[in-house]
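Just so it is clear, the model here is predicted, and its values are computed rather than measured.
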Amino acid sequence: MTIPLFYYHASIYPLKRVSHQAICTSKLENLNLLSLRAVWLYLALLCLPCLAQEQPAPQAEQLLQQALLLGNLQYQITPASTTAEQLVRDPAQFHSFRPLSGRQATLRLNEQQVLWLLIKVSNPYPESWQAMLYYPFLPADRISFYQLQPEIPSVKLLGKSGSLLPYSERALPLRGYSQPIQFKANEQHSYLLQIQDAALLGTQVKLGTLPILMAEEQQQLVGEALLTGALLLLVVFTLAIARAHRNPAYISLALFYLCFALVLSVLNGLGFSLLWPTYPELNPVLLYISVGLCLLALTHYCRLTLLRQSGSWARLLNALATASALLLLFSPLYADGELKLKLLFSCVSLTLSLCIIQALLVSLTTNLAGAPRYALLSTLATLCLLLVQARHLAGFTDWLNPGLLLLVAITALALPQPRPN
């Protein structure tokens, strides 16, 4: 009698009892592999539009779909006492405008200087057209819109705005600074933007219609609301872990992410538009106070988690980081203008570097239980602030929210389960 092949194999390799835990583990590994493949497939699909080379549409068609960044801008920096009339009527000074390169996304100024942007806009349509000039750099103190009248020569003031003016007094519901402009058929106008700030200014100006600008802002609000909600959920989750494990260090970590949400609300204008619309005097100081609180909470978290069995070097690094955080926290009391901006960037860079070095030093030189996890959480927190610092310096916004959401998701996975071991 012929023995079936599968009986033959069963006689040589007897069946083994497989536990339910092993089956679940195998299924979980397969699920993780499928999830990883799905993520890579999603990223590949996102990259496909970037690979496709399409011919740019005419400006008239593009303005029907999105707001456009204006090119061929010219700029000059003058003393703050210079008025628009003086600038236009002095031929030598008016011809001192220089082309603005694409790398000059931001410019640094001091309290005695003002930035002027010269913009030329043409009507791309054969009929009359109403559009909006939009300046998206929210930390600007004051901004004035002028229309040139070269036949006189003179300028006409169109409107004023800025972070030092109450949000409730703005005529349009936009977080940025906008000014309506009108054209007749095939008409061209030149505009001057006078922008004042004691530290840093952006140089990008957009052109678009009010419905398109409002639609784009609504899309940005969705991403920022998701990020704020994720941060608040992370705060609640971290507090639950602190209560379950009875570990006060996680309270400091939750305080860090709460202050970090305040930093984002100051930078993206949500705090000004929703929380303190009638108190513009808070805008120049809240950024430095909230970032200082972030750094202080982070250094306190490192002190509670990484200094139990560490040596004198780690304690010295933590003391230096704490001093740097306190220096920034109280900077509105003794610093102003450009000095305050330099303190912001230097204290953030110094404190985050010291926290990362301290975390690596303790993880590599001690046997502290959970030290790798504490170091990872500290590093993720520093990366969040570094992303925001890069955005504030260079004006990057497209990848900021996805990058922060990714870091928040990794942080949630790195946290321990909300139950005691």
Side-chain angles (χ1 to χ4, degrees), residues 59 63 67-122 131-150 152-165 174-181 183 188-208 213 267 284 337-338 340-342 345 390-398:
Q59 184 183 20
L63 287 171
L68 299 181
L69 282 176
L70 293 175
N72 300 323
L73 299 182
Q74 299 182 18
Y75 82 101
Q76 68 169 297
I77 298 175
T78 65
S81 58
T82 304
T83 64
E85 292 287 344
Q86 294 174 352
L87 183 65
V88 172
R89 293 181 178 179
D90 187 354
Q93 193 170 11
F94 185 75
H95 289 88
S96 300
F97 280 93
R98 294 172 291 173
L100 191 66
S101 65
R103 296 182 179 181
Q104 293 175 305
T106 56
L107 295 173
R108 292 193 179 186
L109 282 76
N110 56 40
E111 297 176 348
Q112 289 78 33
Q113 293 178 326
V114 62
L115 172 65
W116 298 89
L117 294 179
L118 178 60
I119 306 169
K120 296 181 180 180
V121 183
S122 301
M132 306 287 296
L133 284 177
Y134 184 75
Y135 183 72
F137 194 78
L138 303 182
D141 289 344
R142 298 182 184 274
I143 177 170
S144 301
F145 296 88
Y146 296 93
Q147 180 177 346
L148 289 180
Q149 298 175 343
I152 299 179
S154 179
V155 292
K156 177 183 177 182
L157 177 63
L158 299 179
K160 293 183 178 182
S161 187
S163 63
L164 294 183
L165 301 178
L174 297 172
R175 289 177 296 163
Y177 311 116
S178 57
Q179 176 61 45
I181 54 177
F183 296 89
Q188 179 180 353
H189 291 308
S190 297
Y191 299 93
L192 272 178
L193 270 65
Q194 181 189 22
I195 312 171
Q196 293 177 307
D197 192 271
L200 192 70
L201 284 176
T203 59
Q204 294 181 342
V205 181
K206 287 186 176 183
L207 176 68
L213 287 173
L267 290 176
E338 189 177 4
K340 194 162 54 175
L341 182 69
K342 291 180 179 179
F345 293 140
R391 182 259 184 191
H392 194 67
L393 276 173
F396 297 140
T397 56
D398 296 335

Closest contact, heavy atoms only, Pro99 versus Tyr75: O-CE2, 3.8 Å
Pro180: side-chain contact (heavy atoms from CB on, under 4.5 Å) partners, not counting sequence neighbours: Gln130, Met132, Leu172
Asp197 CG to Leu115 CG distance, which is reported to the nearest 0.5 Å: 10.0 Å
Any residue meeting side-chain contact (heavy atoms from CB on, under 4.5 Å) with Ser96, in chain and number order, not counting sequence neighbours: Gln76
Minimum-distance pair of heavy atoms, taken over all atoms of Tyr134 and Ser178: CD1-CB, 3.9 Å
Atom pair CG (Asn72) and CD (Gln74), whose distance is rounded to the nearest 0.5 Å: 8.5 Å
Residue pair Phe97 / Leu87: nearest heavy atoms and the distance that separates them: CZ-CD2, 3.8 Å
Leu213 side, atom CG; Lys206 side, atom NZ - distance, nearest 0.5 Å: 7.5 Å
Approximate separation, where rounding is to 0.5 Å, of Leu100 CG and Leu107 CG: 6.5 Å
Heavy-atom side-chain contact between Phe183 and Ile181 under 4.5 Å: yes
Pairwise side-chain contact, Leu192 with Val88, heavy-atom cut-off 4.5 Å (strictly under): yes
Distance, nearest 0.5 Å, that separates CG of Leu193 from OG1 of Thr203: 11.5 Å
Test item: Thr82 and Gln93 side chains (from C-beta on) under 4.5 Å apart, heavy atoms: yes
Distance in Å, Arg89 CZ paired with Thr83 OG1, rounded so as to fall on 0.5 Å steps: 8.5 Å
Ser81: partners by side chain to side chain donor-acceptor pair (under 3.5 Å), with sequence neighbours left out: none
Output a table of donor-acceptor pairs, distance under 3.5 Å, between side-chain atoms of residues 137-148 and any protein atom two or more places apart or on a different chain; print 'none' if there are none.
from: Tyr146; atom 1: OH; to: Gln194; atom 2: OE1; distance (Å): 3.4
from: Gln147; atom 1: NE2; to: His189; atom 2: ND1; distance (Å): 3.4

Closest non-hydrogen atom pair between Tyr135 and Gln204, with its separation: CD1-O, 3.5 Å
Non-neighbouring partners of Gln149 that pass side-chain contact (heavy atoms from CB on, under 4.5 Å), sequence neighbours left out: Glu151, Ile152, Ser154, Lys156
Residue pair Pro284 / Lys340: nearest heavy atoms and the distance that separates them: O-NZ, 3.5 Å
Residues which pass side chain to side chain donor-acceptor pair (under 3.5 Å) with Ser163, listed by chain and number, not counting sequence neighbours: none
Smallest separation among heavy atoms of Arg108 and Gln113, with atom names: O-OE1, 4.4 Å
